[in-house]
Amino acid sequence: MSAKLTGYINQTEKELVEAYQYIDEISFQNHQKVLKAFQDHKVSEYHFNGSTGYGYGDIGRETLERVWAQVFGTEDALVRPQFASGTHTITVALFALCRPGDHLVALGSPYDTLLPVIGKRSIMPGSLADFGIKYREVPLSGDGKFNKIDLLAALDEKAKVFLIQRSGGYQWRQALSVSQIQDIVKLIKISFPHIKVIVDNCYGEFSEIEEPGTTGADLVCGSLIKNPGGGLVPTGGYIAGTSECVSLAADRLTAPGLNGEVGASLTSLRLMFQGLYLAPHFVAEALKGAVLAAKVFSEMGYKVMPDYKTARSDIIQAIRLDKPELLLAFCKGVQMAAPIDAHAIPEPVPLPGYDDGVVMAAGTFIQGGSLEMTADAPMRKPYAVFLQGGLSLAYIKLGIISVLEQLESIDSHSKKRGVI
Ligand SMILES: *Cc1c(COP(=O)(O)O)cnc(C)c1O
């Protein structure tokens, strides 16, 4: 590793003291909240044992779900290894709450993998559109702003479900803060109390003191191979929310009548408890790394979203590279700094659910686990890369240095930028 680059990173960090302190404060409060939930629900060693077969009377699973609900500020929760991914949890929530003839309204364009679920472009068999659920969007700008009049104009008696994505996903926009989400939920519920609100919470968990479960939203969904799995959970997802809506989601995940009473936890429980316990810490490391990356890459002359001073509501750092070769070099740098498959060179591939080819730099212990340091980049203009995760700030620094080396080797401008 270049001593010059390491020196530069260490120097840059001196300007991030305040930003780091802010993250530590949030992390401390989240640690407190998680610990209290474990103690309030008397988590014990026998809760790790897990069930087999139908999974009836799984006291460990039930305790985990009560702990989860408390941490996420909701009445109830489903936390299951049977959820295949974050997309699956949001799909279950949508199908649980939408009925034929209902309208679904989203704020901004939902995450790529949800477009086939909605049937946004074409009526995919089995999509919401195929079941007669109409869809529309309220425009959302890059700074997370929207027009209240547009939003209210999109709602009526037929609108039954409103979808809010907290994180920017693969879009060039800031994450919505929990307080912004609260304002949106209030605005909707005052005029249209019958509308149920679903929040896609992927990448947002523990980046703020509050979670969207406290905003009056009906369901909050996320993946366990992202923030709340603490980098340890090998698979699964969660849906938290009101008892009524979680019960509908449980019926959709299993079968009507079976509800959440079935679903063997097998050997998943210990890591789910432990991952939740550690999540506030690892999310804080990831947030610090994101802030550092924002500072470094903006100094290098690239556009970043958000900048290092902005309060965050997710762990994603977007960096605009403008050229496909820089995007590939960036991802190569991330891959080269990974503990697993560091020798592999990332290339764009078509992925199920995504329209454009996607480059994914991910040398992770959990396949696609993105609380570990990863970089995703859809091969489309403006060739932005979405960097997230890293289980320790030190590993993220090593990753950033590796990326700088790769960019330097092909971008003659980066030297002219005269930073280093
Ligand atoms: C990752 C993500 C999803 C989908 O999660 P998968 O686990 O990849 O299916 C949905 N929404 C957002 C904002 C995400 O970041």
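Atoms within each ligand, like the ligands themselves, are counted from 1 in listed order.
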Can you list the atoms of ligand 1 that are under 4.0 Å from a heavy atom of Q165?
-> 13 (C)
Nitrogen or oxygen atoms of D200 and ligand 1 under 3.5 Å apart | yes
Any ring-ring contact (aromatic ring centres under 6.0 Å, His included) pairs touching residues 227-266, not counting sequence neighbours?
-> W68-Y238, F72-Y238
Looking at I195, V197, T74, which hits side-chain contact (heavy atoms from CB on, under 4.5 Å) with D218?
-> V197
Which pairs with one or both residues in residues 150-164 pass salt bridge (Lys or Arg N to Asp or Glu O under 4.0 Å), sequence neighbours excluded?
-> D102-K160, R136-D156
Close-contact set for ligand 1 against Y203 heavy atoms, below 4.0 Å | 15 (O)
Is there side-chain contact between Y308 and L16, with heavy atoms separated by less than 4.5 Å?
-> yes
Note, T63 side chain near R66 side chain (heavy atom, < 4.5 Å) = yes
May I ask you to say whether E208 pairs ionically with R166, meaning some side-chain N is under 4.0 Å from a carboxylate O?
-> yes
Could you tell me whether T87 and ligand 1 have an N or O pair separated by under 3.5 Å?
-> yes
Check: H88 N/O within less than 3.5 Å of ligand 1 N/O = no
Distance-only N or O hit between ligand 1 and G86, under 3.5 Å | yes
Side chain, backbone, both or neither: the part of K226 lying under 4.0 Å from ligand 1 by heavy atom | side chain
